[in-house]
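Predicted, not measured: the structure shown is a model, and the values here were computed from it. Counting from 1, the numbers follow the sequence of the chain as shown.
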Amino acid sequence: RVLFRSIRCTARSRTARGTDAMNLAILIGHFPPGSFGGAELQAQGWAERLSAHHRVTVITRRDPADQPEREVRDGYTVLRLPVSRIPIWRTFADLRAIEGAVARLEPRPDLLLCFQTFISGLAGVNAGDRLGIPAVVWIRGEAEYRLRTSRVHGRVSPDVWTRAAGVLVQSDTGRADLLAELERVAPDRVPGVRGKLAVVENGLDLPTASPVPHAGPVLSVGRLIPDKGMDVVLEACAIARRPLVLAGSGPERAALEARAAALGAEVRFAGFVGREALAALYQEASVVVLAARRGEGLPNVLLEAMAHGRPVVATACAGTRNLLADGANGLIVPADDAGALAAVLTRLAHEPAIAERLAVAARSTAERFEWRRVQPRLEAAIERWRRR
């Protein structure tokens, strides 16, 4: 076993010196095992897979503060930077710290892969301009390109995308929505951004599918914040008299618990759960619901649920519209409509044949997003932008 590890490490180091190998830096605000969501889990997955052929360094915040400043794991390095506790100053401190960390990397990165436009994307293009390194910005949710709803995004994002070597989105729908919004807000930027846009979807591991437990609970996974619509799921389950499991933590928990008690709803608050525990929740669920009001890119929750072979119900966010065909591989409901969601949940409970058909189609859809199928698209994109 020791000999095998030695040979594997030697082979990887040789690959890293090959003509197609790169020194990559991934910039992201948080990174597991700290505070994380879908974007952070995807960054971790990409770091693991890219490090098989490239030298990868992740630059992130040291949050919580008891995390190590430097860590080597799964073939890549994680550098964690101190976080200022002064709200307004924190942004400037983060930008300066990230740019400094990039400048100190040896050997110098061939490319910066920046998860989210603000602030990693801004820091990346700033460092890239100063050091001559191409920066690629990966948009992780529709909130990043809803330019009229945020002064920060409206002013900063078009400039970041224009200066970037490339811009990644998670779906064709996201690409079209971004260009349409840019046309309204900053039409002069459209030509400079359009030609550098590329679509690379989320990747996932495929678990072993299992039969749908039709007596199982409804499951909803995500942060307990208004954008995720957990209050709508709770009310819908109360109307449909379906047991509900909410997996996630956040500032809305107390209000949701009070609402559940007032409605007499059967709700289990699982809190934040790790990957193995979350897999078990998918296995127990009869249906998985994403009732997001806004902010989704290509939701990991839906992909994971579909990979487990579970019927899914979701609102029509950007990535959802690209992922689901209503009635074919999932069901789409209006946002903020507990009655419509309750009707769908009742239908699935009373018509298990429909749930089974949706589950089979969902699993088939999820297979398209297996890591080995998605990774070549990212490799091709970063290789092209590296040579800009």
Side-chain angles (χ1 to χ4, degrees), residues 22-51 54-63 67-84 90-141 143-144 152-153 156-157 159-170 196 198 200 202 297 378-379 381-382 385-386 388:
M22 293 183 239
N23 296 314
L24 299 175
I26 294 176
L27 312 185
I28 187 164
H30 295 93
F31 195 76
S35 173
F36 64 85
E40 292 76 18
L41 289 173
Q42 283 293 305
Q44 181 182 42
W46 282 113
E48 292 172 2
R49 283 152 185 86
L50 290 171
S51 66
H54 309 287
R55 183 195 298 265
V56 175
T57 303
V58 176
I59 298 176
T60 187
R61 292 186 177 101
R62 192 181 180 193
D63 189 16
Q67 293 182 311
E69 293 181 7
R70 185 179 188 276
E71 179 184 9
V72 178
R73 69 188 206 214
D74 299 320
Y76 59 92
T77 301
V78 181
L79 299 180
R80 295 186 177 91
L81 308 177
V83 181
S84 172
R90 181 163 54 235
T91 297
F92 297 99
D94 279 348
L95 289 170
R96 183 174 180 180
I98 294 167
E99 292 174 35
V102 171
R104 290 190 296 272
L105 286 180
E106 290 293 342
R108 179 161 290 182
D110 297 303
L111 184 137
L112 307 177
L113 184 56
C114 313
F115 277 69
Q116 299 173 323
T117 304
F118 188 81
I119 67 170
S120 297
L122 178 58
V125 296
N126 286 348
D129 288 346
R130 183 158 60 92
L131 301 170
I133 303 170
V136 174
V137 177
W138 202 335
I139 295 172
R140 303 304 306 177
E144 291 183 54
V152 171
H153 288 304
V156 173
S157 296
D159 179 64
V160 170
W161 302 333
T162 301
R163 293 162 60 197
V167 179
L168 291 169
V169 290
Q170 298 164 282
K196 62 180 66 174
V200 177
N202 287 355
L378 180 61
E379 293 273 10
I382 62 178
W385 288 322
R386 168 200 189 183
R388 68 167 188 170

Quick one: does any side-chain atom of [X] pair with a main-chain N or O of [Y] as donor and acceptor, under 3.5 Å?
| X | Y | result |
| --- | --- | --- |
| N23 | D110 | no |
| T57 | L79 | no |
| S120 | C114 | no |
| R49 | G45 | yes |

Return the minimal non-hydrogen interatomic distance between [X] and [Y], and the atom names on each side.
| X | Y | answer |
| --- | --- | --- |
| R130 | G100 | NH2-N, 4.5 Å |
| P109 | V102 | CD-O, 4.3 Å |
| Y76 | V56 | CB-O, 3.4 Å |
| P33 | Q67 | CD-NE2, 3.8 Å |
| A165 | K196 | O-CB, 3.9 Å |
| I26 | A43 | CD1-O, 4.4 Å |

### Message
With a 6.0 Å cut-off (strictly less than), is the heavy-atom count around CZ of R96, excluding the residue itself, greater than 12?
### Response
no
Note, [X] side chain near [Y] side chain (heavy atom, < 4.5 Å):
| X | Y | answer |
| --- | --- | --- |
| V156 | I119 | no |
| S84 | D94 | no |
| L24 | W46 | no |

Could you tell me the separation between the [atom1] atom of [X] and the [atom2] atom of [Y], rounded to the nearest 0.5 Å?
| X | Y | atom1 | atom2 | value |
| --- | --- | --- | --- | --- |
| L50 | M22 | CG | CE | 8.5 Å |
| L122 | T91 | CG | OG1 | 9.5 Å |
| L27 | L112 | CG | CG | 5.5 Å |

